Amino acid sequence: MLLGVLCILVVPQVFSEAPPAPPQDIQVDNWLLRWSPESDPDDGDVTYTAQYSSFDSGVWTDVPYCDHTPLNYCNVSSIKARSEYGCMMLRVRAERHGQNSPSVQACSKHGHLCTPDFNLIASPGSLTVHLSKNTTFLREHADHAKYRVYYGKKGEALQDYKDGLASVTIDELQEGQRYCTRVQYLYFKDTVGLPTCTQCELIPESDSRRTATIVSLVLLGVLLLVFPVIAYFLLFQRWRFKRWLQPRYTFREHLLEPIPEPFPPIHSSTEEHYDVISSMSQ
C-alpha cells in the first residue's frame with residue numbers, strides 16, 4: 001500500500017520535470033575539458049557526462065571518469081591514444097533525475113593536432129580567414145582533406161560555410177557589423193576533429209561611407225544647435241526679427257527745404273499794334 005502511494009507521488013513528478021539546461025562554453029585546453037553550468041550552481045542534482053567520437057567512427061562513447069560528474073571540468077588525456085592523429089570530437093550533456101539535456105560540442109581553445117590554426121583579417125565588406133596548407137592532417141590525407149569555415153553575424157547561429165584548401169575570403173558582408181567564424185577539418189564530406197572556438201571581427205566601413213557618416217553627423221549636430229536658436233527668435237523675439245528684416249530707410253534732405261513761392265505772371269514788354277476793321281466788302 002505504501003509503495004503504491006510513493007509511486008503515485010514520485011513517478012508523475014519525475015516525468016513532468018523538465019530536463020536541465022545544456023552546458024555552455026565547452027572548451028578543451030591541453031586535454032582539460034571545461035564548461036560553464038547553465039543551471040543553478042546550487043542545484044546539486046545536476047551532473048554532467050562527457051563523450052568522445054574517434055576519427056571518422058561516428059560512434060559516441062563516454063569518457064572514462066567523466067560520466068555523471070557534478071564538476072564542471074574533466075581530464076580527457078586518457079582518450080588521446082585511442083584516436084588517430086588525436087582527431088576526436090568531444091561533447092558534454094547535463095543530466096538530472098533521468099532527464100538529459102541536448103549534447104553540446106566542445107571546441108579547442110589554443111589549437112590541437114587535429115584543430116586548424118587561423119587568423120582573421122577584416123576589410124570593408126569582406127573577411128579573410130588565413131589558413132595554412134602545411135599541416136599534419138592535410139599532409140597525411142592529401143586531396144581528401146580541406147577546411148570548412150563556418151561564419152555568421154555575432155549572436156546568430158553559424159550555419160553558412162565555405163570550404164577551401166587554404167585561406168578563405170568571405171565577401172558581401174555588411175560593413176559596421178561584427179562577424180564570427182569557426183573552422184574545422186573536412187575529410188571527404190565529414191567534419192572531423194575538434195573545431196576551433198569562435199572568433200569574431202568587426203567589418204570596417206569604407207572611406208567613402210565613413211566620410212558620408214561623418215558629414216551626416218556634422219549636419220545633424222549643426223541642425224540641433226541652430227534649431228533652438230531659430231525657435232527662440234520666432235517665439236520670443238518675433239518683433240525684433242521683423243525689425244531686422246525691414247529695409248533700411250534713407251531720409252532725403254531736400255524734403256526739408258522750404259517750398260518756393262508762386263512765380264508772378266510774366267508780361268511781354270513789347271506791345272503789338274493792330275488796326276480795327278470796320279467793314280468788309282466783297
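What you are looking at is a predicted structure, and each value in this text was computed from that prediction instead of being measured.
A single hydrophobic cluster is not seen to contain both Leu158 and Ile203; linkage of ILVMFWY side chains at heavy-atom distances under 4.5 Å, directly or through other members, places them apart. With hydrophobic clusters built from ILVMFWY side chains whose heavy atoms lie under 4.5 angstrom apart, Val28 does not share a cluster with Tyr73. Linking Ile, Leu, Val, Met, Phe, Trp and Tyr residues whenever their side-chain heavy atoms come within less than 4.5 Å leaves Phe118 and Tyr150 in two separate clusters. With hydrophobic clusters built from ILVMFWY side chains whose heavy atoms lie under 4.5 angstrom apart, Leu138 shares a cluster with Leu131. By the rule that hydrophobic residues join a cluster once side-chain heavy atoms approach within less than 4.5 Å of another member, Val63 and Trp35 end up as members of one cluster.
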>> Could you walk me through whether Thr198 and Cys107 satisfy the side-chain contact (heavy atoms from CB on, under 4.5 Å) test, starting with their C-alpha distance in whole Å, then the side-chain angles of each, then the deciding distance to 0.1 Å, before giving a yes or no?
In response: CA-CA 8 Å; Thr198 302; Cys107 66; over 6 Å; no
> Can you check side-chain contact (heavy atoms from CB on, under 4.5 Å) on Asp45 and Arg96, steps first, answer last?
Replying inline: CA-CA 6 Å; Asp45 295 334; Arg96 181 176 57 200; 4.0 Å; yes
>> Quick one, Thr47 with Glu95, criterion side-chain hydrogen bond (donor to acceptor under 3.5 Å, both in side chains). Give me CA distance, side-chain angles, the key distance, then yes/no.
In response: CA-CA 5 Å; Thr47 59; Glu95 306 152 335; 3.0 Å; yes
>> Please evaluate residues Val149 and Val183 with respect to the criterion side-chain contact (heavy atoms from CB on, under 4.5 Å), reporting the C-alpha separation (whole Å), side-chain torsions for both, the decisive distance (0.1 Å), and the verdict.
In response: CA-CA 5 Å; Val149 178; Val183 185; 4.2 Å; yes
>> Between Gln27 and Cys197, does the side-chain contact (heavy atoms from CB on, under 4.5 Å) criterion hold? Intermediate values first, please.
In response: CA-CA 7 Å; Gln27 300 180 357; Cys197 292; 3.9 Å; yes
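Note that CD of Gln199 is 6.0 Å distant from OG1 of Thr181, once rounded to the nearest 0.5 Å. The CD1 atom of Ile79 sits 11.0 Å away from atom CD of Gln51, with the distance rounded to the nearest 0.5 Å. The distance from the NE2 atom of His141 to the OG1 atom of Thr136 is 10.0 Å, given to the nearest 0.5 Å. Interatomic distance, OG1 of Thr169 versus CD1 of Ile121, reported as 9.5 Å (0.5 Å rounding). Considering CE of Met88 and CG of Leu194, their distance stands at 7.5 Å, rounded to 0.5 Å. Of the inter-residue distances, the one linking Asn72 atom CG with Leu33 atom CG reads 10.0 Å to the nearest 0.5 angstrom.
Relative orientation of the His144 and Phe188 rings is parallel, given thresholds of 30° and 60° on the angle between their planes.
The two residues Leu173 and Ser126 come nearest to each other via the heavy atoms CD1-C, 4.0 Å. Residues Lys162 and Val168 come closest through the heavy atom pair CB-CG1, 3.8 Å. Smallest separation of non-hydrogen atoms from Tyr48 and Ala94: CE2-CB, 3.7 Å. For the pair Pro116 and Thr196, the tightest heavy-atom approach, listed with the atom from each and the gap, is O-CG2, 3.1 Å. The two residues Leu165 and Ala145 have their closest heavy-atom pair at CD2-O, 3.5 Å. Taking each heavy atom of Cys74 and Tyr65 in turn, the nearest pair found is SG-O, 4.3 Å.
Few gaps surround CZ on Arg93; more than 12 heavy atoms of other groups in view lie less than 6.0 Å from it. Within a 6.0 Å sphere centred on OH of Tyr161, heavy atoms belonging to other residues, nucleotides or ligands number 12 at most.
Side-chain contact between Pro19 and Pro102: absent, with no pair of heavy atoms (C-beta onward) separated by less than 4.5 Å. In this structure, Thr49 and Asn100 have side chains that are not in contact, with every pair of non-hydrogen atoms separated by 4.5 Å or more. You'll find the side chain of Val192 reaches within 4.5 Å of the side chain of Phe137, heavy atoms only.
Panel note: side chain Glu201, backbone Tyr179; no donor-acceptor pair is recorded below 3.5 Å. Under a 3.5 Å cut-off, the side chain of Gln105 and the backbone N or O of Met89 do not form any donor-acceptor pair.
For residues 144-158, the pairs satisfying salt bridge (charged side-chain N to carboxylate O under 4.0 Å, His left out) are Arg148-Asp163, with sequence neighbours left out.
Here Tyr147 and Tyr185 bring their ring centres to under 6.0 angstrom of each other.
No side-chain N or O of Asn134 forms a donor-acceptor pair with one of Ser132 less than 3.5 Å apart.
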